[in-house]
Amino acid sequence: MGAGWLAAPMERHGRAAATSASSAREPVPGGPDGRRREPLRRRANSASAPAVGASASASPSASPSAEGVRRDRPGSYSGATSASRQRVESLKKKRPLFPWFGLDIGGTLVKLVYFEPKDITAEEEEEEVESLKSIRKYLTSNVAYGSTGIRDVHLELKDLTLCGRKGNLHFIRFPTHDMPAFIQMGRDKNFSSLHTVFCATGGGAYKFEQDFLTIGDLQLCKLDELDCLIKGILYIDSVGFNGRSQCYYFENPADCEKCQKLPFDLKNPYPLLLVNIGSGVSILAVYSKDNYKRVTGTSLGGGTFFGLCCLLTGCTTFEEALEMASRGDSTKVDKLVRDIYGGDYERFGLPGWAVASSFGNMMSKEKREAVSKEDLARATLITITNNIGSIARMCALNENINQVVFVGNFLRINTIAMRLLAYALDYWSKGQLKALFSEHEGWCDRMCRRDLNFPATFLLFFRPSLEPIPPHSLLSTSSPTGPSPSVTCPCSSSIALYVSSSLHSGIMLKCSRSPLLLITSFPRRWPRYCLLTR
Amino acid sequence: MAECGASGSGSSGDSLDKSITLPPDEIFRNLENAKRFAIDIGGSLTKLAYYSTVQHKVAKVRSFDHSGKDTEQDHEPPYEISVQEEVTARLHFVKFENTYIEACLDFIKDHLVNTETKVIQATGGGAYKFKDLIEEKLQLKVDKEDVMTCLIKGCNFVLKNIPHEAFVYQKDSDPEFRFQTNHPNIFPYLLVNIGSGVSIVKKFDELLHLASRGQHTNVDMLVQDIYGGAHETLGLSGNLIASSFGKSATADQEFSKEDMAKSLLHMISNDIGQLACLYARLHCLDRVYFGGFFIRGHPVTMRTITYSINFFSKGEVQALFLRHEGYLGAIGAFLKGAEQDNPNQYSWGENYAGSSGLMSSSPELCPTQRARSGTFDLLEMDRLERPLVNLPLLLDPSSYVPDTVDLTDDALARKYWLTCFEEALDGVVKRAVASQPGSVDAAERAEKFRQKYWNKLQTLRHQPFAYGTLTVRSLLDTREHCLNEFNFPDPYSKVKQKDNGVALKCFQRVVSALDALDWEERQLALVKGLLAGNVFDWGAKAVSDVLESDPQFGFEEAKKKLQERPWLVDSYGKWLQRLKGPPHKCALIFADNSGVDVILGVFPFVRELLSRGTEVILACNSGPALNDVTYSESLIVAERIAAMDPVIHSALREERLLLVQTGSSSPCLDLSRLDKGLAVLVREHGADLVVIEGMGRAVHTNYHAALCCESLKLAVIKNSWLAERLGGQLFSVIFKYEVPAE
């Protein structure tokens with residue numbers, strides 16, 4: 001892991017790294033002067049970008065600016081202060097100083113990866129400055145930070161060797177709109193004194209670069225997110241996931257009973273179509289480690305699903321939207337082929353269950369009155385997912401690629417979408433195309449998936465409202481308006497945390513018996529909660 | 001449209017509306033002869049198609065039997081004219097809102113005389129819903145046809161038969177529609193039908209109206225929202241949408257309906273465009289036609305779809321729209337039902353008089369037209385007597401554009417010509433009345449004609465794209481269609497008869513004079529004769545004024561009016577040089593006016609070519625247009641000349657001089673729609689010279705036409721505005737001799 005935060009060592013060790021969960025790099029027309037990025041340029045960059053952090057200072061001639069390190073390109077430093085220049089210098093001399101972070105600032109979520117060294121010598125412990133120590137302690141001993149920051153404990157990669165150091169890799173996320181608070185925190189904690197370089201990717205690496213510099217005196221090492229994404233996929237696949245296969249697919253995705261998740265050995269990864277579903281969607285054709293192009297993208301992505309759900313159902317979190325979707329019935333909302341033809345449209349091979357017009361039933365007043373918010377959420381999910389599937393299928397055909405890997409935060413805790421993608425791809429390609437997913441994608445439910453999309457990043461997030469509450473005490477509280485909790489956790493070893501802010505309040509449950517993380521979110525209309533589980 | 005004025009019933013909701021606000025006999029025309037029905041019922045609009053016959057008057061000419069008569073009698077006309085009834089086939093298509101369906105079916109039932117019809121072809125989603133109603137009301141068995149098959153059949157039909165059917169949308173140009181000339185090979189193409197099942201037109205249009213006022217950037221997450229100001233260094237446009245509705249994922253903000261509608265429109269349009277591009281690429285197609293309720297002539301949706309296609313295909317795929325997209329299903333269903341009549345073996349032509357034309361439904365563009373969505377839209381297509389094909393001598397049929405000036409594009413020219421046609425209208429009405437002295441209702445019909453044509457002209461002022469590219473030719477053709485509509489088949493028949501009589505009397509004198517000249521002088525005199533004859537043109541206002549006031553205006557007078565050499569366009573030297581070389585194998589000549597023009601201008605020229613050993617195909621209009629010589633008139637004229645002149649006589653007998661019809665009834669000339677028989681002859685005889693004369697055929701059209709053989713385009717500019725535009729004066733001469741590049 002680590003192009004995000006360790007460009008130089010990666011180069012030396014010949015390891016690719018880092019990822020991107022970033023959401024949004026999908027130029028889709030919207031304005032009058034929309035231009036599209038040249039795939040060729042992208043290919044050319046991809047080989048060099050992850051290593052630029054080191055080479056930029058090693059070969060100043062590559063950059064026209066006087067200081068020799070400033071380049072406004074992915075993977076370059078900019079706005080270097082003298083202190084940060086020293087840090088850059090130190091990067092190429094020896095292993096970088098702790099802490100090791102990777103930051104992926106997407107359109108909706110910030111993903112942060114933190115490497116916690118477990119082989120700290122007494123001498124190092126001695127030298128470790130106080131602020132660094134407190135950061136490490138704080139991060140590793142908490143699972144939630146402030147009202148919106150969450151550490152995905154179940155994703156933690158244990159006993160990893162990185163750059164000769166042994167340690168654990170932690171995955172933390174928080175909404176992008178809290179970025180200013182994060183930067184302010186970095187300033188308050190005097191982060192700039194830690195002699196570290198923040199490696200960052202995602203659109204926010206550009207958007208917040210100046211804020212990092214002026215407010216936090218922190219210099220970002222920007223890395224191209226698509227480069228990071230490819231490296232990340234290949235890296236994670238090469239190390240495996242705590243001893244298991246990283247890639248998997250669904251057998252019988254349409255059948256609730258028989259649906260099975262099976263490991264897929266990505267030993268011949270190329271060519272590969274990589275569909276990154278963040279706020280928007282980017283589709284990449286990967287021909288080799290260094291040779292890939294962005295085929296296309298669509299603005300109809302996770303952000304669209306969530307945004308539309310907010311408008312249609314009044315939900316406030318992605319989890320809530322998904323939870324609603326899991327209980328809804330999209331066929332009440334969508335007009336199916338059979339609604340028009342009474343059955344299959346045989347002449348053109350369209351099955352009766354296929355959606356003929358997404359939301360097509362909503363033109364009728366009676367049908368509008370008959371649907372629930374859950375149905376609407378479900379239909380939104382199905383619409384967005386089907387569309388992504390269709391575009392991905394067409395791209396696979398056009399590029400003549402038959403392995404399609406879907407990654408991105410949209411798929412986190414989103415079995416419905418994954419199974420639908422798996423099914424749709426298989427059905428419409430008559431078995432020619434296979435949808436693959438990555439373990440590091442989502443989490444939760446019984447499959448306990450992992451989220452590869454966490455790039456090397458780290459988050460510090462302090463909010464005073466964070467306080468532990470006794471297990472079960474909240475779960476037994478009956479809700480006056482909503483349904484009673486669908487699941488109670490009988491396990492006495494659960495840890496529950498009560499989180500609240502002006503906007504949300506909720507519970508996080510960590511159950512030690514299973515890697516089950518329960519999240520309940522309470523939009524202001526407390527107490528209405530539901531548990532995300534099966 | 002006149003017959004469809006702003007008359008939308010304001011309160012037509014979901015309930016069936018019994019009151020048709022327009023006289024239904026102006027909508028369901030010719031029902032008494034209707035015999036084959038098809039209906040396409042969509043979620044909101046019904047399209048009815050039927051085949052009918054139209055009886056109208058035609059002027060026939062018949063040669064007198066001259067044996068034993070003194071042909072030198074001054075007052076005797078060269079032939080007789082009789083007005084006869086003729087029956088032609090016409091396809092009627094009517095589009096109306098589903099709310100009117102019951103009232104319309106009732107009306108049809110009441111007026112349906114033909115009882116042989118037993119079946120009605122039905123397609124569209126509503127074919128199921130309304131099956132019982134149709135069967136009950138019309139007593140016809142409903143035969144359901146597949147929707148997509150009908151769409152494809154309908155699309156093929158309009159692409160084949162309606163010039164300027166397809167257009168691209170260009171924002172920021174005025175008007176935004178740019179019509180395409182029909183490609184000789186319409187295949188392959190991708191057809192994207194964006195249907196909906198939308199049941200309420202008004203609601204949908206309101207939504208689009210809402211969208212047009214919205215700002216999608218308030219709802220969508222743009223690249224610049226994610227990258228800040230840095231997108232420029234990445235080569236990304238900050239305005240690109242990164243995530244549709246990405247900003248709406250927040251609880252503490254309200255979004256305006258306008259903004260959300262706009263965002264939704266962008267999202268849907270972009271997505272459709274992207275998928276269409278992916279399919280086009282997979283099948284290696286570069287043309288995508290869009291149709292369906294979503295488009296329906298809405299500039300907003302056409303703009304977003306076009307933008308999306310351009311973006312995703314990087315300009316490699318063209319987004320095309322169809323003027324009659326709403327009718328494709330009905331046309332296809334009709335064709336399916338009429339298969340035994342094999343309608344595809346005929347050529348069909350849009351009748352401008354009976355068709356509503358394309359309207360912009362953009363509320364901003366034309367607020368007064370919005371009401372039309374609640375009324376009726378008509379399309380009528382006439383079956384043409386003979387199939388029309390490309391002239392085999394066109395250099396590149398796919399890039400051939402008949403018209404010289406695109407009035408849709410050229411606002412100045414448009415204004416001039418519309419005014420010009422308005423001003424000439426009085427004269428045309430007067431002439432129409434005069435042409436039928438025995439008719440009691442001629443004045444009344446002529447007045448109706450005036451109203452109709454006047455209204456068409458007003459429509460075209462506001463919606464120049466209503467019938468495809470607006471050109472002088474389309475204005476002339478529309479006038480002819482309107483005249484026919486009110487039974488003025490040939491207002492100039494009497495004038496032509498008289499002119500022909502006078503000119504025939506001069507023929508021998510003119511020919512003897514020519515024969516007396518030496519070779520070189522004769523060639524120039526022949527050309528001047530062609531040009532002078534061309535001054536006799538009732539279509540040009542400047543000339544008709546002179547002719548009306550001074551009937552003695554003679555051939556010699558005309559010659560004197562001609563510009564002295566060098567002419568405005570003058571390649572006479574080159575032509576003369578060519579004549580010194582070997583004779584042409586076969587010349588194809590498109591004649592213009594009756595009387596002096598054809599008899600004293602064209603025939604002497606033909607005679608000279610024949611003497612050189614060149615075969616001649618003389619092509620005249622199939623039907624009347626102004627004082628242009630028609631095919632049947634040309635037969636009589638040729639016969640009369642043959643009686644006087646041995647050269648013409650033997651050439652006709654030996655078939656070295658062939659008279660053919662063009663298949664057209666227009667004062668202009670579209671070389672891509674010519675009678676198939678003509679094309680066959682041209683090929684068989686190996687025509688290597690094309691002569692086009694007259695302002696309508698050689699200047700308004702074909703001035704830039706590129707042929708793969710030698711060509712001669714001659715005209716006298718009888719319009720001072722046009723003359724000025726071309727850099728000359730009234731009666732300037734165009735003599736354009738062109739030899740194709742090796």
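A, B, ... follow the sequence lines: proteins, then strands. Residue 1 opens every chain.
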Inset, instruction - Against chain A, label B/L282 side chain, backbone, both or neither, depending on which of its atoms sit under 4.5 Å from a heavy atom there. - result: both
Legend entry - B/Q274 side chain vs A/G297 backbone, donor-acceptor pair below 3.5 Å: yes
Legend entry - Minimal non-hydrogen separation, B/S243 against A/G280, with atom names: CB-N, 4.1 Å
Inset, instruction - Report the distance from atom CG of A/N398 to atom OH of B/Y279, rounding to the nearest 0.5 Å. - result: 10.0 Å
Inset, instruction - With a 4.5 angstrom heavy-atom cut-off, could you sort out which part of A/F305 is near chain B: side chain, backbone, both or neither? - result: neither
Legend entry - Atom pair NE2 (A/H177) and NZ (B/K247), whose distance is rounded to the nearest 0.5 Å: 14.5 Å
Inset, instruction - Using non-hydrogen atoms and a 4.5 Å limit, figure out which bit of B/F255 sits close to chain A: side chain, backbone, both or neither. - result: side chain
Inset, instruction - Please confirm whether the backbone N or O of B/D271 pairs with a side-chain atom of A/N387, one donor and one acceptor, at under 3.5 Å? - result: no
Legend entry - Spacing of B/L278 atom CG and A/I283 atom CD1 [to the nearest 0.5 Å]: 8.0 Å
Legend entry - Check: A/Y345 and B/D146 side chains under 4.5 Å, non-hydrogen atoms: yes
Inset, instruction - Could you tell me which portion of B/M148 (side chain, backbone, both or neither) has an atom closer than 4.5 angstrom to a non-hydrogen atom of chain A? - result: both
Inset, instruction - Return the set of residues passing salt bridge (Lys or Arg N to Asp or Glu O under 4.0 Å) with A/R338 (not counting sequence neighbours), or none when no residue passes. - result: none
Legend entry - Donor-acceptor under 3.5 Å (A/S299 side chain, B/A242 main chain): no
Inset, instruction - Give a yes or no on whether the backbone of B/Q224 and the side-chain of A/K207 come within a donor-acceptor separation of less than 3.5 Å. - result: no
Inset, instruction - State, to 0.1 Å, how close A/L308 and B/S248 come at their nearest heavy-atom pair, and which atoms those are. - result: N-OG, 4.0 Å
Legend entry - Distance, nearest 0.5 Å, that separates CG of A/L300 from CE of B/M267: 4.5 Å
Inset, instruction - Using the test salt bridge (Lys or Arg N to Asp or Glu O under 4.0 Å), find all partners of B/K262 that sit at least two apart in sequence or belong to another chain. - result: none
Legend entry - Interatomic spacing from CZ in B/F245 to CD1 in A/I384 - rounded to 0.5 Å: 9.5 Å
Inset, instruction - Under 4.5 Å, counting heavy-atom pairs only, tell me which of B/T304, B/L264, B/T149, B/N310 racks up the most with chain A. - result: B/T149
Legend entry - Within-4.5 Å side-chain heavy-atom neighbours: B/L275 and A/S390: yes
Legend entry - Enclosure of B/K144 NZ (heavy-atom neighbours >12, cutoff 6.0 Å): yes
